[in-house]
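Heads up: the structure comes next, in structure tokens.
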Number of protein chains: 2
Amino acid sequence: MSSALPRAARRGLADEAADLVRAAIFSGHFPPGAALREVELAERLGVSRGSVREGLARLTQEGLVRGGWHRGTTVIEVTAEDVQEVYALRAALDRLAATTARRAATAEHLSRLDQLVAEMATEIAAGSDAHRLVALDIAFHDQIYAAAGNGRLTTAWRTIRSQLHLFHLRRVDAAYDHYRARVVDEHRELAALLRSGDSRTLARRAEEHVDSARRSLLAGLPACAGTKSAEASGHH
Amino acid sequence: MSSALPRAARRGLADEAADLVRAAIFSGHFPPGAALREVELAERLGVSRGSVREGLARLTQEGLVRGGWHRGTTVIEVTAEDVQEVYALRAALDRLAATTARRAATAEHLSRLDQLVAEMATEIAAGSDAHRLVALDIAFHDQIYAAAGNGRLTTAWRTIRSQLHLFHLRRVDAAYDHYRARVVDEHRELAALLRSGDSRTLARRAEEHVDSARRSLLAGLPACAGTKSAEASGHH
DNA sequence: CATTGTCCTAATGTTGACATCAAGACATCG
DNA sequence: CGATGTCTTGATGTCAACATTAGGACAATG
């Protein structure tokens, strides 16, 4: 048994910097393609360049920013190809996470999922802040990964989590009504299947949930080239 | 078309340091559990602590070492739970990589796979250096991920690649004959399926390939506790 | 004797200065 | 006029000194 209380984490400035910059990106302060200069960030955040650098390295690992040797760091763009890549990986990851969580989830995990769904419904009933709704969406899936209890799987999830967050933010800009109309029902169904569904159905629905999100996002993207040959699946 | 030659990568000292330390771990110089002190490494590698630090951060992302705030960096241990986690994730990743590569692989990729299988056979016919054989095994799967052409998938693969390498090295220590007897055939079959197999069979065999490796490794691990309840799947 | 509190030390976290580099402006040459 | 070379500039890469911390040795205490 691992210790129940995981040691009150005292974090370093690098984590702090990473969180701040990530939030700034999500808030739109740094739009896709924007350059993140270390000196500028260091001054604005009141920390040294070294800490900023380490924080940016973490965001790079999350795929939220890109950088090369002596070539600076920039926020990723959202192209159709990027979306295809992320969602293809996410489908595989979510499928594994769901089936694993189906066996390993505790009562706390399951009730937290219900709570998150309830918060989504409340948020929609109220003003329905798009950003908050997206955060709840991500948190829901965070909880599934946590319930699965596979540290490596969670690490892999972290490599696309922030990108997904960015994609969702763009998605609600383009088709908020469509998103708002489906988000509660889809997540409620997933939560129910995690409680009492059979693994087969759960795995299928988890993948379909991802595919639904992917199509919704691609439809709203500027019709740039490179859609590749992925639309063959059709309807059944 | 992205530029055919990916720009002669001039790498920094951090990458260099990461490669050196990784190789030292694989060579057994730093056994599992060993502490990696920044000052010591900086002196031995002839670079600054900052570069070593950045390199160690990369190895942390690869899961090959673990570290906490103000608590140093140590090589990971190989417990049964770690093995279960890595192989569960790897099965999902390999499945996606194989089915994607089935559609996207170029002739170059496929012939390189054949070449790697041939090198394995040659290596076994000759002295059969265990470490080199493992390197070829990993390189084979690297090639499949490269053929799939999904950058995010490759990133996720990198988060377990080095751990897998370490596991394999331990596996050949415990059951080299068993490994040597199967490695060529299994990989040859995968290469063949990538050329002309149907996706369904390919996906199944890719998962079974991982499962075979997992069982082989677990059998050779010290019968330490914590095997969890993973083997009970049949009865309830 | 077990427990608690204090101190010490060896490591990591953080910083600002210095070295190096990529990319574009500009002049030069064919 | 286009191609090539150089030079400037603004950034990142690297470094060594300083600040902070975790963990253990050790004595005081009940």
Side-chain angles (χ1 to χ4, degrees), chain A residues 2-3 5-21 24-25 29-77, chain B residues 2-3 5-21 24-25 29-77:
Chain A
S2 52
S3 54
L5 336 187
R7 177 190 214 92
R10 301 169 67 175
R11 318 177 325 148
L13 292 186
D15 288 291
E16 217 80 45
D19 288 347
L20 257 21
V21 174
I25 293 176
H29 190 296
F30 296 113
L36 300 175
R37 275 173 291 277
E38 296 179 354
V39 281
E40 176 185 336
L41 291 175
E43 286 178 4
R44 186 166 311 194
L45 302 182
V47 298
S48 155
R49 253 191 68 210
S51 303
V52 169
R53 189 183 176 74
E54 205 169 325
L56 286 180
R58 231 156 282 195
L59 296 185
T60 302
Q61 146 183 30
E62 293 178 10
L64 193 60
V65 302
R66 280 208 166 93
W69 196 64
H70 258 300
R71 211 168 312 154
T73 308
T74 57
V75 181
I76 61 167
E77 312 267 3
Chain B
S2 53
S3 54
L5 336 186
R7 177 187 213 92
R10 300 170 68 174
R11 317 176 325 148
L13 292 186
D15 288 292
E16 217 79 45
D19 288 347
L20 258 19
V21 174
I25 293 175
H29 190 298
F30 295 114
L36 301 174
R37 276 174 289 276
E38 296 179 353
V39 281
E40 178 186 334
L41 291 174
E43 286 178 3
R44 188 168 308 195
L45 301 182
V47 300
S48 155
R49 257 190 65 211
S51 301
V52 169
R53 189 182 176 76
E54 203 168 325
L56 286 179
R58 230 157 281 197
L59 296 185
T60 302
Q61 151 183 21
E62 292 178 9
L64 193 59
V65 302
R66 280 205 165 92
W69 196 62
H70 258 299
R71 212 170 311 155
T73 307
T74 58
V75 181
I76 61 167
E77 311 267 4

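In what follows, chains carry the letters A, B, and so on, assigned in the order in which the sequence lines appear, proteins first and then strands, with residues in each chain numbered from 1.
The interatomic distance linking A:H70 (NE2) with D:dT12 (P) rounds to 10 Å, in whole Å. The CG atom of A:L56 sits 11 Å away from the C1' atom of D:dT12 (whole-angstrom rounding). The interatomic distance linking B:R37 (CZ) with C:dA10 (P) rounds to 12 Å, in whole Å. Whole-Å rounding puts the A:E43 CD to C:dG16 C1' distance at 13 Å.
B:G72 comes within 4.0 angstrom of the backbone, heavy atoms only, and of no base. Here B:L36 lies in heavy-atom contact (under 4.0 Å) with sugar-phosphate atoms only.
Here B:R44 pairs with B:E40 in a salt bridge; the nearest charged N to carboxylate O distance falls below 4.0 Å.
Each of A:E54, A:E43, A:E38 was evaluated against A:R49; a single residue qualifies, A:E38, per the side-chain hydrogen bond (donor to acceptor under 3.5 Å, both in side chains) test.
Within the 4.0 Å cut-off from OP1 or OP2 of D:dA22, not a single side-chain nitrogen or oxygen of B:R71 is found. Between A:R49 and the phosphate of C:dG16, there is no side-chain N or O to OP1/OP2 separation shorter than 4.0 Å. For C:dT12, the OP1/OP2 oxygens have no side-chain nitrogen or oxygen of B:T73 closer than 4.0 Å.
The side chain of B:S48 lies closest to D:dC15 when the candidates are D:dT21, D:dA11, D:dC15. Checked against D:dG13, C:dG13, C:dT15, the side chain of B:R53 finds its nearest nucleotide in C:dG13. For A:L13, the side-chain atoms get nearest to C:dT14 when compared with the rest of C:dA22, C:dT14, D:dT21.
Residue A:E54 is the one, among A:W69 and A:E54, whose nearest nucleotide of DNA chain C lies closer to the 5' end (criterion: closest heavy atom).
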